[in-house]
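Read through the structure below, which is laid out as structure tokens, and then see the notes.
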Amino acid sequence: TMQRTARVFLSKRTFASCASRQIVSIPRQAFQSRFLGTPAHFPSSLRSFATMSSPCCPPGSLPALKTDYTPTGAQSELDGTSLYVSKPEQASDVAVIAIPDIWGLQGGRHKAVCDSLASAGVNVVSFEPFGNDPWSKDEVTDEFGAWAAKTPFEKAAVKLHQAFDLAKQQGATKFHVIGFCWGVWAAFKALGDASFSAYNVQSLVGCHPSVQLEGVFGGDPVTVAGAVKVPTVHLMPAGNDPDMYREGGDVVKALRDAGSNVTITDFPEQVHGWVPRGDLANETTRAEVDKALQLAIAQFKA
């Protein structure tokens with residue numbers, strides 16, 4: 001099926017190696033049966049309920065993914081933090097800080113995504129937010145809230161600063177951020193924190209956001225969004241993500257009220273987690289992963 005796709009952003013090797021090791025998946029028919037329709041037809045009441053019922057990934061989200069992908073970047077350790085750097089073939093002064101989902105730096109196709117962005121001409125730096133304790137279960141369970149509470153933003157911020165500083169030391173002068181799930185919450189928090197203003201971040205791309213995670217710490221996502229200071233935000237919600245991330249949603253309104261130019265690209269046929277964890281053997285999913293990354297790189301090189 002891969003040969004039938006005329007244009008893909010990820011390399012064929014990346015697709016082949018990642019698609020071949022889908023360990024846990026949700027069959028589309030079972031997903032439709034559970035929710036009485038495809039993600040494109042999720043009832044708005046269910047999407048709203050997702051905000052309240054889950055501190056992170058909404059009901060029906062994709063589970064963990066294991067791959068046999070061989071990264072092309074380099075991983076290093078700095079003061080107890082694992083950092084991953086993927087560089088383009090030609091030198092660039094643009095750096096993208098990639099913040100992973102709850103499965104961390106080693107989870108799913110996260111490193112493959114970093115390498116793919118780098119192959120398009122930007123430096124990519126990522127990091128392990130959770131030390132030696134990323135989320136270890138295949139799906140989000142009742143224990144998730146207690147686990148998430150162990151990594152408040154203040155703790156993650158130390159590692160995020162290390163990622164920015166490493167990119168700066170390597171010559172980057174223009175900064176962007178891409179986050180996935182938990183990573184979008186961390187990005188929102190950072191871009192509302194004065195200690196990150198010196199990096200002058202130009203844009204944020206948020207794939208299947210989970211800013212509702214702020215509820216674990218007694219806050220709310222709209223307040224977090226209202227503090228974000230970044231010129232451009234591009235959100236890419238999946239079909240089962242809460243409506244607050246779509247046009248007319250409270251998070252989107254708060255971002256615009258705070259001064260950001262916000263673009264929404266909805267992926268109604270996809271399920272939360274599809275960019276680093278979707279089944280690439282599915283042609284539609286593979287094409288929409290490709291689309292999301294092309295939109296991201298266009299933003300970073302604008």
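As the structure is a computational prediction, the values presented were derived from the model and not from experiment.
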Exercise. Got a second to check how far Lys159's NZ is from Phe127's CZ, nearest 0.5 Å?
Worked result: 8.5 Å
Problem set entry | Asp79 and Thr81: side chain donor to acceptor below 3.5 Å | no
Exercise. Which of parallel (below 30°), tilted (30 to 60°) and perpendicular (above 60°) describes Tyr199 and Phe175?
Worked result: perpendicular
Exercise. Have Gln169 and Asp165 got a donor and an acceptor in their side chains that come within less than 3.5 Å?
Worked result: no
Exercise. Is the Phe196-His161 ring centre distance short of 6.0 angstrom?
Worked result: yes
Exercise. Which heavy-atom pair separates Lys301 from Val122 by the least distance, and what is that distance?
Worked result: CG-CG1, 4.1 Å
For this session: Just do the side chain to side chain contact (heavy atoms under 4.5 Å, CB included) check on Leu65 and Trp103 with the steps written out, would you?
Result: CA-CA 9 Å; Leu65 171 71; Trp103 283 279; over 6 Å; no
Problem set entry | Option among Phe217, Tyr245, Phe180 that satisfies the ring-ring contact (aromatic ring centres under 6.0 Å, His included) test with Trp185 | Phe217
Seminar exercise, completed: Closest non-hydrogen contact found for Cys56 with Ile102 is SG-CG2, 3.9 Å
Problem set entry | CA sep, side-chain torsions, deciding dist, call: Thr263, Leu235, side chain to side chain contact (heavy atoms under 4.5 Å, CB included) | CA-CA 6 Å; Thr263 299; Leu235 296 181; over 6 Å; no
For this session: For Glu247 and Arg256, run salt bridge (charged side-chain N to carboxylate O under 4.0 Å, His left out): C-alpha distance rounded to whole Å, both residues' side-chain angles, the deciding distance at 0.1 Å, then the answer.
Result: CA-CA 11 Å; Glu247 286 294 348; Arg256 287 178 175 147; 3.0 Å; yes
Problem set entry | Least distance between heavy atoms, Arg277 atom then Pro63 atom | NE-O, 3.0 Å
Problem set entry | side chain to side chain donor-acceptor pair (under 3.5 Å), paired with Ser126, selected from Gln75, His110, Lys111 | His110
Problem set entry | Nearest heavy atoms of Ala167 and Val125, plus distance in Å | CB-CG2, 3.8 Å
Seminar exercise, completed: Exactly one candidate in Phe130, Trp135, Phe144 meets ring-ring contact (aromatic ring centres under 6.0 Å, His included) with Trp182; the answer is Phe130
Problem set entry | Contact summary for Cys181 and Asp101, nearest pair of heavy atoms | CB-CB, 3.7 Å
Problem set entry | Pair Asp115-Tyr84, side-chain donor/acceptor within less than 3.5 Å | yes
Exercise. Roughly how far, to the nearest 0.5 Å, is CG of Asn123 from CG of Leu166?
Worked result: 10.0 Å
Exercise. Do Glu269 and Thr284 have a side chain donor and acceptor closer than 3.5 Å?
Worked result: no
Exercise. If you measure only the distance, is there a donor-acceptor pair under 3.5 Å linking the side chains of His234 and Ser203?
Worked result: no
Exercise. For the atom pair CE (Met236) and CG (Leu293), what is the distance rounded to the nearest 0.5 Å?
Worked result: 8.0 Å
Exercise. Just how far is it from atom NZ of Lys87 to atom OG of Ser92, taken to the nearest 0.5 Å?
Worked result: 11.5 Å
For this session: Show the numbers, then the answer: is there a side chain to side chain contact (heavy atoms under 4.5 Å, CB included) between Asp279 and Arg286?
Result: CA-CA 7 Å; Asp279 185 357; Arg286 180 160 39 86; over 6 Å; no
For this session: Give the intermediate values and the outcome of side chain to side chain contact (heavy atoms under 4.5 Å, CB included) for residues His176 and Val94.
Result: CA-CA 8 Å; His176 303 263; Val94 176; 3.7 Å; yes
For this session: Working to the nearest 0.5 Å, report the span between CD of Glu154 and OG of Ser195.
Result: 10.0 Å
For this session: Return yes if a side-chain donor-acceptor contact under 3.5 Å exists between His272 and Asp241, otherwise no.
Result: yes
Exercise. Can you name the nearest heavy-atom pair linking Ile97 to Ala163, along with the distance?
Worked result: CD1-O, 3.9 Å
For this session: Begin from the C-alpha positions of Gln202 and Thr232 and carry the test side-chain hydrogen bond (donor to acceptor under 3.5 Å, both in side chains) through to its verdict.
Result: CA-CA 7 Å; Gln202 295 302 297; Thr232 303; over 6 Å; no
